[in-house]
Each structure stands twice: as structure tokens, then as C-alpha cells.
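In what follows, a single structure is set out as C-alpha cells and then discussed.
Letters go in sequence order (proteins before strands), and every chain restarts at 1.
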Amino acid sequence: MAAKIEKLDEVTIRFAGDSGDGMQLTGSQFTNTTALLGNDLSTLPDYPAEIRAPAGTLFGVSGFQIHFGSKEISTPGDTCDVLVAMNPAALKVNLRSLRDGGIIIANRDGFNEKNLKLAEYEINPLDDGSLDKFQVHAVDITKLTTLAIQELNLSTKIVERSKNFFSLGMMYWMFSRPLDSSIKWIQEKFKKTPEIVEANTRVLKAGYNYGETTEIFHARYEVKPASLAPGRYRSITGNEATAWGLIAASSKAGLDLFLGSYPITPASEILHELSRYKNFRVKTFQAEDEIAGIASAIGASYGGSIGVTTTSGPGLALKTEAMGLAVMLELPLVIVDVQRGGPSTGLPTKTEQADLLQAVHGRNSEAPIPVIAACTPAGCFEAAYEATRIALKYMTPVILLTDGYLANGAEPWLIPSPDSLKEIPVKFHTDAKDFQPYSRDEKTLARPWAIPGTPGLEHRIGGLEKEHITGNVSYSAENHDFMVKLRQHKVDGIAEDLPHATVDGDERGDLLVVGWGGTYGAIKTAVENKRKEGKSVSQLHIKYVNPFQKNIGEILKNYKKILVPELNLGQLALLLQAKYLVPVIKLNKVEGLPFRADEIEKKIDELLK
Amino acid sequence: MAAKIEKLDEVTIRFAGDSGDGMQLTGSQFTNTTALLGNDLSTLPDYPAEIRAPAGTLFGVSGFQIHFGSKEISTPGDTCDVLVAMNPAALKVNLRSLRDGGIIIANRDGFNEKNLKLAEYEINPLDDGSLDKFQVHAVDITKLTTLAIQELNLSTKIVERSKNFFSLGMMYWMFSRPLDSSIKWIQEKFKKTPEIVEANTRVLKAGYNYGETTEIFHARYEVKPASLAPGRYRSITGNEATAWGLIAASSKAGLDLFLGSYPITPASEILHELSRYKNFRVKTFQAEDEIAGIASAIGASYGGSIGVTTTSGPGLALKTEAMGLAVMLELPLVIVDVQRGGPSTGLPTKTEQADLLQAVHGRNSEAPIPVIAACTPAGCFEAAYEATRIALKYMTPVILLTDGYLANGAEPWLIPSPDSLKEIPVKFHTDAKDFQPYSRDEKTLARPWAIPGTPGLEHRIGGLEKEHITGNVSYSAENHDFMVKLRQHKVDGIAEDLPHATVDGDERGDLLVVGWGGTYGAIKTAVENKRKEGKSVSQLHIKYVNPFQKNIGEILKNYKKILVPELNLGQLALLLQAKYLVPVIKLNKVEGLPFRADEIEKKIDELLK
Amino acid sequence: MKHVDELLKDVPKISVQKYTAKDFQSDQDVRWCPGCGDYSILAQVQRVLPELNIPKHNLVFVSGIGCSSRFPYYMDTYGFHGIHGRAAAIASGLKVARPELSVWVATGDGDGLSIGGNHFIHICRRNIDVKVILFNNQIYGLTKGQYSPTSEFGKVTKSSPYGAPDHPFNPLLVALGAEASFVARGMDRDPKLLQNIIRRAALHKGTAFMEVYQNCNVFNDGAFFTFTEKETKDDNVVVLEHGKPMIFGKEKDKGIKLEGFTPIAVSLKDGKYSVNDLIIHDEKDTMLSFILARMSNLPNLPRPVGIFYAVERQTYEQEVARQIESSITKLGEGTLDKLLNHGETWIIK
Amino acid sequence: MKHVDELLKDVPKISVQKYTAKDFQSDQDVRWCPGCGDYSILAQVQRVLPELNIPKHNLVFVSGIGCSSRFPYYMDTYGFHGIHGRAAAIASGLKVARPELSVWVATGDGDGLSIGGNHFIHICRRNIDVKVILFNNQIYGLTKGQYSPTSEFGKVTKSSPYGAPDHPFNPLLVALGAEASFVARGMDRDPKLLQNIIRRAALHKGTAFMEVYQNCNVFNDGAFFTFTEKETKDDNVVVLEHGKPMIFGKEKDKGIKLEGFTPIAVSLKDGKYSVNDLIIHDEKDTMLSFILARMSNLPNLPRPVGIFYAVERQTYEQEVARQIESSITKLGEGTLDKLLNHGETWIIK
Ligand SMILES: Cc1ncc(C[n+]2csc(CCOP(=O)(O)OP(=O)(O)O)c2C)c(N)n1
Ligand SMILES: Cc1ncc(C[n+]2csc(CCOP(=O)(O)OP(=O)(O)O)c2C)c(N)n1
Ligand code: SF4
Ligand code: SF4
Ligand SMILES: [Mg+2]
Ligand SMILES: [Mg+2]
């Protein structure tokens, strides 16, 4: 008996369970299927620092949230409509994100005495009425899974591991999604173990059929495709997009890509991803530490490759000395920092935006480096591409800032046509006549890139101060002053190359919300919501953090108030005040989580009342 | 026949020669003798990055400048009155610092064909009239030295090495200084080789007598003692003062001092100095690198010692990750950065002030650390003492910034009485009852220091986010936000503990010159000179760079213009603008050299005309 | 200047009670994956410590970052969870500052040999009296499965989908090359042996290096099963015992003999070789330790476990202490007055 | 994606001319102290290079920081003066990116073994084909005389006025512990031997480690005089020659023989021992290389110099190149189109 189908514009679902429950997998399967259906979407994985924290514990809960809709989706959702909770701990940790009236699908089998105790529940919340303001569906998922595949005679371990497919199946039914993409994936992934393919497929279908046959769910929903721009799409995470942006730039520039990197959460996937593209001649060097990561990348850049190094905050801290070397050498280099919660080891699997000042100021002496920030998961592609372009054009290290939220979050991405990407012309210097390693291009101030192997250009570079033009070591006072200022000037001059920043909303008004990086979606949602209410509020999102685009100062002048929401204690705010001498209002949250749009809306209301 | 004796208020002498000529030694001998005479003084050693660059070359010139007088002396002198040049390269490199009409004492023997060529002179400048605007005395120093000790039958190498004592002797004569202190030093230093004692002493006397007997010098000078505050004095360099300040703090606090350090110019002398005080139970650990330097110091602090690490810019860059750990652990730690010319290896033996932003911002995530800057060589004592005091009182790492100029520069220092030093009360936590490693002192917000070896306080700390009070690992969003803000608050709160900043000059006026660190003397001299001319200009010198003292904002408001001279591209200027939203005018020079007072005066004139 | 002892003088001295393993279990939940080999290493340490009669409060466990580096949280002693790779350096500072403490390092193959390789070789050469347990699971666990410097050549992992191109370290050889004074290898699944190693390391004066084969059942399951599982163990492992011939095999019927410098496995059954032909293990023989350490690089040989090398030589901190004491004897305890007024000074009136 | 060769295709190929040592002298003034041992090392490199017929523009010298690390400035090749301790890492990246270049590292005992120790052991294990010359003067020269990780225990320096409390590294043992495939020791004052070592290192495929005893006449004068000066040299140095017995002494009347694993010096004069009793040097014998390397730690033995060890094993960059080629063969050269459109995509109309 089919339930009635309701139409929805947007929905947020959160899958939550033990680290071992496969919630990340369930979430990403739902994401892929949803993307294929043409919804717009945004996701937020949220997992503990432990690999597989003891089952049932509160700190071991792993969650995956997906927000999708038939309209434009910019955030993973402030609150969720449906919470799938595989055990009591998952319920407890995630309940606060469920909206009133939202749906809970609980694995009743998981709510046993042991798990209730681990989750510090005295009474089973499924029974004590405490969840009355939600629609609770307690399903015997474990039991049903076991039944679905009992004839396959598999170990309990395998049965246990299949049960997330039951939840996935239920959700597919509830939101009217087809199973085929996930079935294909299962077949591919487990092709070496046909019994697992069979088990997972059966369980997935069983979950779907459970929705179809039982009457416990009152409604079924449909979320129509979003009216996205036409074209070919794929789903992509920030880390994937970063890797691809680098490969794309390497391809456009006609240069080999060399990654020198040391694994660190949440940046490691860029290393993983790049290590797969051997037929693109990408070389990945898993170095002994972060310093060797950047040092090897500098060596490769010196040799004519695009040297790249990827890391997160603590790793960036270790690379700072070598970054100074790259500044002095004026070699292209891309340094990717996927920011995470700090200080020190901090909250390694959580997101944060607090490495901005480290990126801009964190080196000995005057060592200016351009800094670019990605705003959305898919936007990491363009940002990585642009970082590489600037590095090559200006012969300079460039820092690309992303963050844990962007890195792990996924969204549908309109695949660009290769031709639409900016050209990246690169010419090695090869003419031995009058060659001077520190002569400069008049416009960009870039020095020539003369790589080993080029006859007649033998020369020596290094970290000691360079004499203008010749590049010889120079201890001259005047030369040093000149060179320090020249290096600054070169980086400042990149602003000439940048498009003017544009404001979303009115060009002048009561309030401008200025952000950078991964807060883009939340600010956008908040500002749009408030504009719909008729408020005079606009959004400026800064992609180029150093140097700022030339018209930023102008823009700031056009608003009565400026609000700067950041997932730190006010780092962009500091730079804006220092440079433009305009007072800004700060909204800071450092919880290891992205902003919710409503947090920003509340502040907007407060400022505009 | 004695020359007439002129009285002078102040004199600047520069000794210049090959790296191998012993100019640093000559300079420091002159300094000691002059200090003993009761003059105020300030010195500036200036030597190449090469240990012993080939003789006679321009880049191999080593110089030592001393400015002394019967009045207060705050800088090593903008221009010099006397230049001792041991060879043509020394003359060429240093001539521009000699005032018109100044005295040149040249070692004629050094002006041979080979040396002239190396110094790129076509004609001997001693003969071509190009030095006419100076008083040139060409003395056959080498020959006279040889004659003075020929009967000792020493190798030419030893004779060569003695000749600087001839110059020293001449200068002693010219400025009416006694020889005994240097003779005593020679006897002590070379006590194992009596023939060297004999040779150097003879040569020193020969130089003196040469002034006395020959008539080539028209005048002799007397510089009366300065009217310094009464008391016991000693001559001290910035690096010595830093070392002593640390020992003094350790002594006052009753704690052992542990230095974990890796040698680097210009910080190494702190390591050398501290390694001598074994009977003070100072432990110096020459680590394998800068990271081990700070890590071992943190380990020692954890164990209840005062952990200290000393370095220069590139080394500080390497320590940043561990500094973040110290922030999270909230252990006392003193990090000394003797700034030098950068970026990268830069100008390793030259001075600069460009690590300020690295010190304040150069760490991943929000990792606030108090930053203190020393202003004069002797002032390093107090600054190091104060840094240690704050580290212990607030259980926090503290950065002390000095620079190459302060580090190597010397001045007379009124020895403080031990009792006059602030008390540094330290109590280890020992009470096992209700012990909570991250509980806090209400006022300072310091956490208890519970060191291993204390029964019943077994506990665990680390770099992951700490739960408030318990110090357990916590991934809670709210706790993280709270702790990030609390750590910031604790550091900001140190401002409550600081004396109000005071202005030298009028409390309001046309211009305030704001500086920090080693520029103190030059700014002071400039401002005083201009005030004498009746200009409305005052000086504010910031010792506490993070947090700023509470009244800084107030002070800035009282002046029409604010000038910030810095040996960088405007780092304090940036912090002031960001924090106080007042526009400042920048005066930046990055030449590897300290400001001359007249450079600042010129700017003051420009702003006040 | 007061010494730490003095500062702690008011603290009531607890008489060293008889501890049990349980006394060393902290109140923190152990957060390793179920089945992880780390549990066994933790258990063996907790089992051995009571025998040593070291007051709990004088024990410190220092670590870097990694699954293994969570170790200190689970010990009811002083614990210091450092940053990645720096445990040896932190521990060095602590031990030099406080020689009376018993300082231990828990580290991983990544933490100790990749990012921390330099501190590791330097602590070995300095011979600072710190006990280093290296949890070798031949993988980066905490960061979810990249190859490590001990992963075998060609290993397929997340960061090496086409196989690791690196030749791995042999941790024992690295330690011996850095002249460590105590070098041993244990295994998570051989508790008795591991306990013995830990006990000996604790008693050793100087840097004591213990490599422990540790199963990461999530990212590198079974890496050491040949050496740890019942069926294969006896034929693939030879336990080193000082003064004893190197015999192995289920039936104790095989042994290791030297041919030149090359160890070879021989059968004792066919009468060709007897026990007298075998290597007699000698913990004090430097060269033998190299030969035995290198056995893991050679084919067709069982893997030696146990104590490879143990010699006493002066520790770094002993020399530091000696210099301080001798300086105090000579110059007297330093005072602030002495400091400020020594050498050349003058008086202005 | 274009390969470097293609990018440089317009550059006229210079036919490799016959170079002389002078061709390798750059236009930069050599700024070492007069009398420094570095001059000789520079001269020997410049002397050997012409024989190798490597085009000048394919040679790169990479260094860290230190007196010795100024080396690249003086070579008329490509040169890269890096930062302290990181030369091996920089060179690794360069060599992996451009295997066709001949990459050399000049480093010091501080640069290579103190701050750079980790990169050093890792380049050895990876066997990246880089030639590493370590200028061992047992002191920090450039920073004016602190003790280094190779300074002898008890050495009095600026930073150790009471004597260094550290036990020093034996650089050869460290390299062997990290499984370097080529290990040698030369001396500034034995140009012929040094040339021979440099030549062999240049021909070696893989990391070639050369320790060179280098006199710092300013801060550590005479550290190696026993081994380098005419009067003492012959009796205190034994030159290793592959396949030859280890004979030394002014009169060639002494030799090295093994007792167990312990080398001892014996006289060949009194008839007790003959050449047949002596160790025959074998560059390919791993264990022998350890024994010989350790000789410097033992008393009453001459110091071995020459090539201790030289075996070929696969280099890191060969495997990287192989993976790339095999992937291209299998999947075809990557294109932007392939990248963007592979895997799951969907079309919205
Ligand atoms: C500076 C820094 N770089 C990288 C990381 C990420 N990281 C954490 S643990 C680890 C490796 C863990 O491997 P191992 O030491 O073998 O420990 P295991 O987890 O296998 O026990 C890495 C790369 C980090 N935390 N800090
Ligand atoms: C990051 C960093 N730390 C420290 C230094 C200072 N430093 C320069 S060279 C050197 C040691 C030099 O010793 P060695 O490598 O033996 O070279 P040598 O001068 O003896 O040839 C040191 C400590 C530096 N330049 N950079
Ligand atoms: S990931 Fe591996 S090493 Fe880490 S806790 Fe889990 S099983 Fe143990
Ligand atoms: S200090 Fe020593 S190593 Fe450096 S150049 Fe001078 S003699 Fe050579
Ligand atoms: Mg591991
Ligand atoms: Mg050296």
C-alpha cells in the first residue's frame, strides 16, 4: 500500500551512528543518488578523531548531513528534517539539530541496555515520551537486516556491517529515489566478494521494501530536480576539487605536477586523489615530514614542475621557514592549507578558519605571499586553478586556504569545458644571451624561470639576499631595502591582475556582510533570507585575501555597518581594519562547526533593528 | 711632546678592517676601557656573514663602532668622527659614515697594490686628494708593529695578528684612556702563551707611544665621565643581558633554568653565555634542531623548570608548531627571538625588526602568546626577567623579541640590586584533593602547575582541545569555543598587570613617534633633538607588543599625527591601525642597519613643517 | 636556587605500596578500535610496572601523535600527549631536567621514524635514559591508512594506489646505526616476551628502544600474522636469549648459524648441524646485533625477537649532572649577587 | 602534458665538449677562510667532473646552510643554496621531478646530521640517486664554533665550555643503519683518494654518501691531523680497496684482521700473521661495511678511508617513473577532458 507523496522544496537528512556503522558511506551514497536526480545539494560529514571509537559511546558518533532541494542549496542545512539514529548515542548527540516535528528513524535493536548506558540514558528515550515533539519511527533494523540475508549464512560481523544499507534503502523509499546507482556501486566496490554484493544489495532492497510495504511511515516525499544551469554535472568534494584544479592547471600550463606532502587530516585526501593520476604524470612524493614535503616541492619547482604541497594548520606551521625560502627564490609553488580546529592538535577532524593570519603573516621577516581562499566545495577547483596560475605568472609561492568543511563537503558541480579555463602560458627562459636570474618582467615583476638542463644558463640561487638583476648574494644595505620592497611590491601588484570584487545585493546600504572562505554558503543564505524580508543587507565574499582586490576599500565605504562573521576570533576583521581603517563588527564562533545561516541572520537582525 | 687636549662631549669611532684583523676585539677593548672611565656609550658591531672572508675584499670588511660621551648616549652614532681603516676595502666601505672633517687613521702598509685592487681603487686614495675633506693620518702600522716586537722573533702570522693593538694603543692615546684594563685582559686571555702576552702588550704600548711621540696628530681629546646615576656599573651586551635576565628570574623564582636551543646567528651567544653558569644549575641542551630546542624546553617546563628556547627568525619559524602546543598546555616557556635580516636566510648577521607579526600571528589557529620587546642592550636584562615573570605567573609561553643590534651592542649598565627585582612567587600545586589540571586562578586565569613527581596528581595533558577544568580531551563544540576565547582572554588580561605606558615629552601635541624594540635610542635622540628645537613631538616606546598596555589607545588620541618608524615594512603600524583604527604614518627602512637619528629627524621635520 | 625536591618537600611522601596492573589504568575510556594490537601493549606495560616498584607519580609517559600516541591517556601516571614526532625531544628535556623520573615514550612507526626520525636517532646517540616503545603497525593508523616508512615496498595503500615506491626502514638497524645502547623487538601477541622486554628496558640505564609489532586490524590487518599466529609462529620466529643458541621451529629442530657474516637457517634433524654450530646470542656483541637486526631484510630466515643488544654506557644526563656538581663544588652555588657582580665592574659616585 | 624535454626542444643542444676543472669554477669569489679544508674538496670535485662527460647544465649542486653549504656558489653548474638541513629533501624533489639531472648535495656535519638528520636517513633508505658530500669538520663553522653531532665527547667549544656531554654520531654507521647503498669516507688532504671516491659516487646509481674529513682551521684546527699529516698518516689510516687485503703502515707492514667480528691491527713483520690472515675488503658485503664503519669507535685501530660499501638497488625515482609509464600504457596519456568527465556524471538539460 503506497503512502501518499508530498512535494518538498528542500530537505535535510542526517545519518548518525557509530564510527563503525558506515554512516559516511551511507551519506555519500544518498548524496550521489540525489545528485544524479538533479537536486542541488550540500553535505557535511562530521566524524570523531578516533578511527573506530568504542561502539556505543557518545564521542564515537559519526554523522553525515545532507541538505538537498529543488531550489539552490548553499549550506548543509541549519537543522535537519530527518534524523537516522543507529543507536542511543547517535540520537543524543544529534537531537539538538533536529527541527521540532522532524522525523526520527531509530534502530530499535541498537537501543539495548548496554548502549543506553553508554549514551548515559537512564530510560529508553524511544519509550519515555521525551521525543513526543518528533515523529518517531523505531525500526528493528538489525533484526530485519539479519532476516533479509539469513539464507546467505554470513558471519554476524558482515550482517552488522550491512545494516546501514537498510537505512539507506528506507531513505531511498521515503524520498522516492532509485536504487540502481547504489547497486552499481556495491557491485563495483565489492566485486571481489560476490557474497557481500549479494548481501548488501538484498539489504538495500529490503529497506526500500520495508517502506513500501509497512504502514508505519505516513508519508513519502518527492523533491523535484533543481533548476540548475544546463550541462554535465558531477558530485565533487572540496578535496577532490582541489586536486583536480591542480591537475587542470598543470595540464593547461603543459607542466608536470609534483606534490610533496605529508598526510594530515583533513588534507590527506588531496594526496590520495593526486596519487591516482599517474597517467597525468602527476608525481606524489609522500615525504618524511611537512618540511620535506615543501622542500621537495620547491626542488621540483626549481626543476620546472609545478611544485605543490598540501597540509593543515600544524603542518603549515612547520613549513613556514621553507615558505620564506620560496619567497626569496621566487619560484612558483602552491601551498594548500585545509584548515582544521586548533590551536595545536586541537580538534583535528573539525573545521575552522583560524589560519588566515598565519598564512598572511606567519613567516620570519618580510615574506609576502599571495593568499587565496576557496568558498565552496566545488569552488576549490577554481581556487586551486587560480592559485597555480598566479604562482606561475608571478613566480611566487601562493597559499590556498580551504577548510575541513569544504574539504569533506560535496555538491553538484557543473563540469567546466576545458576551453573555458583561463590560459596559463608558461615559458622557461632559454636564451643564454645576457641572462640574469633576477631580471624581471616589466609588468608582473616575475623573474625568469631558468631550469637546470638548459645549456648556458648555469646559475646559483639561494636564501641569502639577492642582488637585484644578477641574483648574486648581496649584503648591500640599499639593495636589501630595495629587494624587500620589491618583493612586497610584486605581490601587491597582483591586485592589478584581479577582477574587481563584486557585491551580492545592493551597492550601498545599511549593512554589508563580509566573509571569506567556507562561510560563503551560510552568509549567502542568511543575506538572501534577510533581503527577502526587505532588509538592506548585502554580501561581499573575499576570495583574494592577500592582496585584497583593488576596490575592496571603496565597497566598504558604501555601507553604514560592516559585519564580518568568521570561524575564528576576527582575523579578516583585523586585516580589514588595519588596511582600510573602517570599524567592523565581528561575529565569531569557534566550535569546529560551520556557521548556521540562522546564527548570521540573528546577528543581522540585531544590527538592523 | 704632548699635543693639546681638547674636551669633547661625545665622540664616535669606527674601527674597520678585514674579518681577520680583530676589529671586534679592538672595539670591545676600547668599549671596556671607556666604560670603566665612566662614559656613557653605545656600540654597533657590524661583520660579514663569512667567517673569514678573503683578506682585502670589500665584502670581508668587519667594523665596530662606538659612540661615547660625557652626556647620555642612546645610539651608536649616526656618523663617526674617527675612522680607523686597516686596509683600502675598510676605507671604501666605511667612508660614507665618516662626517666631513672627520679623522681617518689608515694603515698605510695595508694600502698596497693588491689590496687597492681588491677594493676596486684605481689610485691610492691616500695619495690622490680624494680624502681632502677629512684629516688623514696614514700610519705604517704593520711596519711599526713588526719593529716593536722584532726582538721576540715571532712568526709573521702572530705579528700580523698583533697590529690591531697598535691601532688600539693610538686610540687610547688620542682619547686619553689608560692601558691597564686592556693589558690585564691580554694577560688573562693569553695566559697560556706568555710570548703573545708580551707581544700584544708591547704593541699596544707602541701604539700609545706613537701618538705621544710623533707629531702627526694635531690634537688629543678628553671625554669626561658622564653624569650617570651613582652605583656599580658593568658593560653588557644585549645577549649577555638576556642570559642574565633569565638566570636572575630563575634565581628569584627558585627554579632551575633549562635552555633548549640550536645555535643561530645572532642568538648563539645567549646559549654560550648560559652554558657557562653550571653552578647556577642552568642546564643547556644543545638540541639537534630548533624544534627539539623548544620541545625539550617544554618537556623541562612540564617537569618544573623554567623552559627557555633561544633563536632567530628562521628558527622561530620552525618552532611555531610547538609554540601552539605550549599554548594548549599552558605551561610557562620563554621564547627568545633575536631578530635578523630576512626573509629566509636573508642577511644573517644584520639587524631587523621584521619578526613582529610572526611573533604575534605566526601560528596555526588561535594561539595567543604575550610578546615583549627589549629596547636597549642592557634593557634585555629587564625584558628577559619580565618575560619569565609573566610566563610563570600566567602559565603561558612568552615571546621576547630582541634584535641583532641589541644583541651585539654594548652599553654601561647600572647593576640592579637583587632586592630591587620584582618578586616571582611560584607555587607548584601539590594538593591532591579535588585536583583539576585545568582549573584556574580567578585573577590570572593561570592553571595549576602540577609537576611529575608529585604524589596523587597523576594526570595527562596534550595538544588536543582540553575540557575546561578537568583538562580531559574534549571534542565538544561549546567547550572548544569557550576554551579558545578563554585562552585569548587570559592573554588579553595580562594587560591588567602591566604598568601604564608613558610618553616621553608632552602628553599631547602635534606628533607622537611610536616605536618598539631596538629603535628606542635612535628615536629618543631624534625626538630630544627636535624638542630642543621647540617642536611639539613626543615619544612612545612600546615594550609590551601583545597585549598592548591599556592606555595606548588613549595616548594615540592625543596627537595630531602619529609616526611609526620601524626596521620592517610597517608591522607595528599594522597592529596599531587594526586595534585602534587610527591612521599612522610609516617610516620604514630595511637595510639591515639600525636607524640613524637623523633619518628620523628628517621625517619629523617633514611632518611638522 | 631551590631544587625540585625542596619545592616538593611539604608533600607527604607516600610509601611505595604494592601496585597491581589495575593501579596503572587511568579513568579515561580506551578509544582504540576493538581488536587493535595497542591494547595488548598497554596491558603488558601495566602488568610489568607493578614489579618495578617505581612510585606511580615518578612515571611519565610522553607521546607524539598517532593511534599509538594515545597511550599516555590510558596510564594512571603522569602523561604528556605531544605533537607529531616530537616525543623523544620532549622526553629528552624532561629527563635532563628531572633525572629522577622514569620517562617513557610511546610512538608509532610514522611518529617515531617518519616525522620524528631525527629526534629518534639523536636520543639514541645521546643515550638519554628514556624508554622508547615504537608501535610498529607498518601503517599510518590515525590518518586512516597511508603507508609508513616501515611499510613494505610496493604496498598498496590510500596514498600509494600503485604500490609504495619506498624501501622501508628496518627500525632496529636505524637504532643501532645511531648507537642505541638497548635494542629489542617484541610483538603485541606475545605477552610474555613483551613483558620481559619491557622489564629489561625499564632496568636499563640509557635509551632503551623497543620495536613492537602491532596489528592494525583496520588498515593493515595481519601484517605480522606469520610471526604471531599459532600455526606459523614457531617456524618463523626465533627468540633471542642471551647466552643461548638460536634455536627455533615447532619442534625446536632448527637453528641459525653464521656463514661468514650471513645468518642461515639450518635443520638440526638431519645430523649435519648440531646446536654447537649455532649462533650463541650475546646481547653485548655490537656486531652480532647488527647481523641479527639485518635478518629481517633477508629471505628464508625466521624473524628474531627479544633483546638484540644491551650495553651500558654513560647517559647524557649523568654527564650534565656531573658538570653541574663539579662546578658547584668548585665555584659554590650561584647566587644573584655573584652573577651580577662578577668580572669587571666599576663604581660611579 | 608536455614533458620538460619538449619545453626545452628549441634550445640548441651544445655538444658535450671536453671540460677542464676550470670550466667548473664559477665567477663568484670563494669566501672560505684561507686554509680551510673546503678548498680541497671543491678542487677535487672540479677535477673529477670533466672526466664524467656530464654536460655542465645537467649538473645541480644543492646545499643547506653552513660554511660547507656555500659550495654551490663556487661551481659553474646549476646551484641551489637551500635552508639549514633541508638539502637532501630539496634534492629529492628535484631528482624525482627530473631524473635525467645529476644531482649533488653539499652538506656539513651540522647541516646534514643535526638539523638535517631526518632527511638524510630518508634519502638513504629511498635510495634516490643523489650524491651527498658531507663535509665533516666536527664543528659548526659558520656559527663560529659550537660543537656538532660529530664532535667528540667532552669537546670544549663555545657552547660546551665544560665539554660536550653528547656521544657523537659515526656518520657512516648512521648511513648504513639507514641502508644507504654507497658509503665512503675521504679526506680533504688526500686529493687522489677523494677524487676516486667522487668518481665512483658519480657513477653509482642511488644515494651515494661520502663523509669527508675536513679541517676547519679556525674553530677546530687539526681535528684530523693524525689521519692527514705526513708523519702520522700512514700508521693511522688504512685505505680500503675492493678485493684487496687491509694493509697499512709506513712500511705496509701492518694489517687488519678479524677476531670474531672485531677488527684488530696486527703486524706482518714478526711472522705471526701474513697477508692471508687479513680482511679482504669487499664493497658488497653489508656486514663487513658495518664492521669497518665501526672501527672509528674502537681504540688502537687505524681509521679506514675509501669506499666502504657499494651495492646497486632500485632507486626511488625509477619506481616512480615505472608506475607512470605503466599507467600511461594502460590508460593512455591523461587529458583534461578525461579528468573532468571520468566516473559518474549526469546531464541537466
Ligand atoms: C605536524 C603533523 N603532521 C601530520 C599529522 C597527522 N598525523 C597524525 S598521526 C600521523 C601518523 C600516524 O602514524 P603512526 O605514527 O604510525 O601511528 P599509528 O596511528 O599508526 O599508531 C599523522 C601523519 C599531525 N597530527 N601533525
Ligand atoms: C633554521 C636555522 N637554524 C640555524 C641556523 C644557523 N646555522 C647556520 S650553519 C649552522 C651549522 C653549520 O655547521 P655545519 O653544517 O657543520 O657546517 P660548517 O659551517 O661547519 O661547514 C647553523 C647552526 C640557520 N641558518 N638556520
Ligand atoms: S586504526 Fe589501527 S592502529 Fe589505530 S586504533 Fe584502529 S586498529 Fe589500532
Ligand atoms: S670557519 Fe672553518 S669551516 Fe668555515 S670557512 Fe672558516 S675554516 Fe672553513
Ligand atoms: Mg603506525
Ligand atoms: Mg661543520
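Neither the backbone nor the side chain of A:Ser312 comes within contact range of chain B; no heavy atoms are under 4.5 Å apart. Residue contact with chain B, scored on non-hydrogen atoms closer than 4.5 Å, involves the side chain of A:Gln571 exclusively. Proximity to chain A (any heavy atom under 4.5 Å) is shown, for B:Gln353, by neither the backbone nor the side chain. Contact of B:Glu352 with chain A is made through the side chain alone, with heavy-atom distances under 4.5 Å. Residue contact with chain A, scored on non-hydrogen atoms closer than 4.5 Å, is absent for B:Val584. Interface residue B:Ser474: only backbone heavy atoms are found under 4.5 Å from chain A. Looking at B:Ile291, only its side chain comes within 4.5 Å of chain A, counting heavy atoms on both sides.
Remark: B:Asn568 CG to A:Ser365 OG distance equals 8.5 Å, nearest 0.5 Å. The distance from atom CG of B:Leu347 to atom NE2 of A:His480, rounded to the nearest 0.5 Å, is 4.5 Å. We find the CG-CG distance between A:Leu356 and B:Asn364 to be 13.5 Å, quoted to the nearest 0.5 Å.
In the model, B:Glu50 has a side-chain atom that pairs as donor or acceptor with a side-chain atom of A:Tyr475 under 3.5 Å.
When each of A:Gly313, A:Pro314, A:Ala322 is scored by its heavy-atom pairs under 4.5 Å with chain B, the top score falls to A:Pro314. Counting heavy-atom pairs closer than 4.5 Å to chain A, the top-ranked of the candidates B:Lys589, B:Glu366, B:Met328 is B:Glu366. Contacts with chain B were tallied for A:Met323, A:Glu290, A:Arg487, A:Lys579; A:Arg487 has the most, counting heavy-atom pairs under 4.5 Å. For chain B, the option among A:Met483, A:Gln577, A:Lys466, A:Lys350 with the highest count of heavy-atom pairs below 4.5 Å is A:Gln577. When the candidates A:Gly315, A:Gly463, A:Gly324 are compared by the number of heavy-atom contacts under 4.5 Å with chain B, A:Gly463 comes out ahead. Of all the listed residues (A:Pro48, A:Pro343, A:Gly592), the one sharing the greatest number of non-hydrogen pairs under 4.5 Å with chain B is A:Pro343. Comparing B:Leu576, B:Thr349, B:Leu325, B:Val360 by how many heavy-atom pairs each has under 4.5 Å with chain A, the most go to B:Leu325.
Using a cut-off of 4.0 Å between Lys/Arg side-chain N and Asp/Glu carboxylate O, B:Glu465 and A:Arg340 are scored as not salt-bridged. Between A:Glu478 and B:Arg96 there is a salt bridge, since at least one side-chain N of the basic residue sits less than 4.0 Å from a carboxylate O of the acidic one.
When the side chain to side chain contact (heavy atoms under 4.5 Å, CB included) test is applied to A:Lys485, the partners found at least two apart in sequence or on another chain are A:Asp481, B:Leu569.
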Give the intermediate values and the outcome of side chain to side chain contact (heavy atoms under 4.5 Å, CB included) for residues B:Glu591 and A:Asn479.
-> CA-CA 8 Å; B:Glu591 298 188 347; A:Asn479 178 76; over 6 Å; no
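In plain terms, the two heavy atoms of A:His361 and B:His361 that are nearest each other are ND1-ND1, 2.9 Å.
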